[in-house]
Amino acid sequence: MTPIRATGRAALRLLRGLGAVALFTRRGLFRLRPFYPRAFAAQLIQIGWLSLPVVALTALFTGAALALQIHSGGARFQASDVVPAIVAIGMVRELGPVLGGLMVAARVASSIAAEIGTMRVTEQIDALVTLSTDPMRWLVTPRLWAAVLTVPFLVGIGDIIGIMGGWLIGTNSLGFNSTAYLSNSWAYLESWDVVSGLIKGAVFGLVVAVSGCWFGMRSGRGAEGVGRATKSAVVAAAVGILAANFVLTGMFFE
């Protein structure tokens, strides 16, 4: 019976953890009064604007590499003309949201966890409680809403740049006509392809912010505890994005 007990304990521990994270997310999203606009604006810049360069570069090289790969594979079946359509659909539906979310996770989840973890270690969070300031409203809520609102914009910009990366390679290296490439890219895209990618971006932003805040608020003491919290936040955000992408893809395109 020992393996069965161990499995049961692990399952119960996992369910308790998921429930605690769900309650934490609900508290962070809906504790809006009092609202701190300056803290929210600072997080918009930190999460959105400062993440734009890495998301843009990732999308550019991904679109270019995708065009090369599709052209190489399609040439085996005399189907290389589908490069514009597949690059556009692949970027908008999957690669744009997922890779953009992972880049934001690498940059933002670690930053949030390290910042809040350091505040926990240096007892700044205890000082907020002493000053009658709710740490959830001051630290968590602005980060969650900033991530939910800005990551879809990053995904949208990344989609455009990724398609343009494929266009650059297609017109300069693969022999496509510029006007025909862009018209084919647009012709095969549907509005739901774009909307579903933006919805994924909002969900991925929430996953990233929740991971950083959750592990930051539960950081252990000392530099080792902060480092462990940062590592756990990035890993949880990356795995959460991939799992959420699988679930959302099944819901949207079943």
Side-chain angles (χ1 to χ4, degrees), residues 22 25-26 28-30 32 40 43-45 47-67 70 82-109 141-168 170 180-211 237-254:
T25 304
R26 187 185 69 177
L29 285 176
F30 299 111
L32 297 175
F40 176 66
Q43 293 307 315
L44 287 177
I45 295 173
I47 296 174
W49 177 252
L50 296 180
S51 297
L52 181 58
V54 66
V55 172
L57 286 173
T58 301
L60 177 65
F61 290 121
T62 299
L66 185 61
I70 294 171
V82 301
V83 169
I86 296 182
V87 168
I89 294 173
M91 286 299 305
V92 169
R93 280 190 178 187
E94 288 294 321
L95 294 177
V98 172
L99 292 180
L102 290 175
M103 291 301 102
V104 173
R107 183 185 175 277
V108 173
T141 301
R143 288 169 170 81
L144 263 58
W145 279 109
V148 169
L149 295 176
T150 58
V151 174
F153 283 99
L154 294 174
V155 168
I157 295 172
D159 291 342
I160 296 171
I161 295 175
I163 293 172
M164 296 310 295
W167 170 80
L168 287 172
Y181 187 100
L182 293 177
S183 63
N184 285 339
S185 298
W186 179 255
Y188 287 95
L189 274 180
E190 298 179 357
S191 58
W192 180 241
D193 296 331
V194 179
V195 172
S196 65
L198 298 181
I199 293 174
K200 285 184 177 183
V203 174
F204 297 165
L206 181 63
V207 170
V208 169
V210 168
S211 299
V239 174
I241 286 171
L242 296 176
N245 179 64
F246 172 75
V247 173
L248 292 174
T249 300
M251 292 173 58
F252 292 157
F253 303 107
E254 185 176 6

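We use all heavy atoms of the structure for the numbers below, so side chains are in, but hydrogens, waters and symmetry mates are not.
Summarising the geometry of Ala180 relative to Ser183, their closest heavy-atom pair is O-OG, 2.9 Å, with the distance given to 0.1 Å. Of all the heavy atoms in Ala88 and Ser185, the pair that sits closest is CB-O, 3.9 Å. The two atoms that bring Val148 and Pro152 nearest to each other are O-CD, 3.1 Å, heavy atoms only. Residue Val203 comes nearest to Ala244 through the heavy atom pair CG1-CB, 4.3 Å, listed as atom of the first residue, atom of the second, then distance.
Distance OG1/Thr58 to CD1/Ile161: 10.0 Å, rounded to 0.5 Å. Within the model, atoms CG of Leu149 and CH2 of Trp145 stand 6.5 Å from one another, a figure rounded to the nearest 0.5 Å. The CG atom of Leu60 sits 10.0 Å away from atom CE of Met164, with the distance rounded to the nearest 0.5 Å. Remark: Leu189 CG to Arg93 CZ distance equals 9.0 Å, nearest 0.5 Å. Atoms CG and CD1, from Leu66 and Ile86 in turn, are 8.0 Å apart once rounded to the nearest 0.5 Å. Rounded to the nearest 0.5 angstrom, Thr62 OG1 and Leu57 CG are separated by 10.0 Å.
Exactly one residue among Ile160, Val195, Val87, Ile163 makes a side chain to side chain contact (heavy atoms under 4.5 Å, CB included) with Val92. That residue is Ile163.
Atom CZ of Phe40 has more than 12 heavy atoms from other residues, nucleotides or ligands within 6.0 Å. In the displayed structure, Trp186 atom CH2 is contacted under 6.0 Å by at most 12 heavy atoms of other residues, nucleotides or ligands.
Residue pairs satisfying the salt bridge (charged side-chain N to carboxylate O under 4.0 Å, His left out) criterion with at least one member in residues 141-157, sequence neighbours excluded, are listed as follows: Glu115-Arg143.
With Asp193 contributing its side chain and Glu190 its backbone, the two residues share a donor-acceptor pair below 3.5 Å. Not a single donor-acceptor pair under 3.5 Å links the side chain of Tyr188 to the backbone N or O of Val82.
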Side-chain donor-acceptor pairs of residues 94-105 under 3.5 Å, sequence neighbours excluded:
residue, atom, partner, partner atom, Å
Glu94, OE1, Asn245, ND2, 2.9
Glu94, OE2, Lys200, NZ, 2.7
Glu94, OE2, Thr249, OG1, 2.9

Compile the donor-acceptor pairs under 3.5 Å between side chains in residues 47-55 and protein atoms, sequence neighbours left out, one pair per line.
residue, atom, partner, partner atom, Å
Ser51, OG, Ile47, O, 2.7
Ser51, OG, Arg107, NH1, 3.1

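You'll find the side chain of Ile241 reaches within 4.5 Å of the side chain of Val208, heavy atoms only. The side-chain heavy atoms of Tyr181 and Val83, taken from C-beta on, include a pair separated by under 4.5 Å. Looking at Leu206 and Val151, their side chains never come closer than 4.5 Å, going by heavy atoms from C-beta outward.
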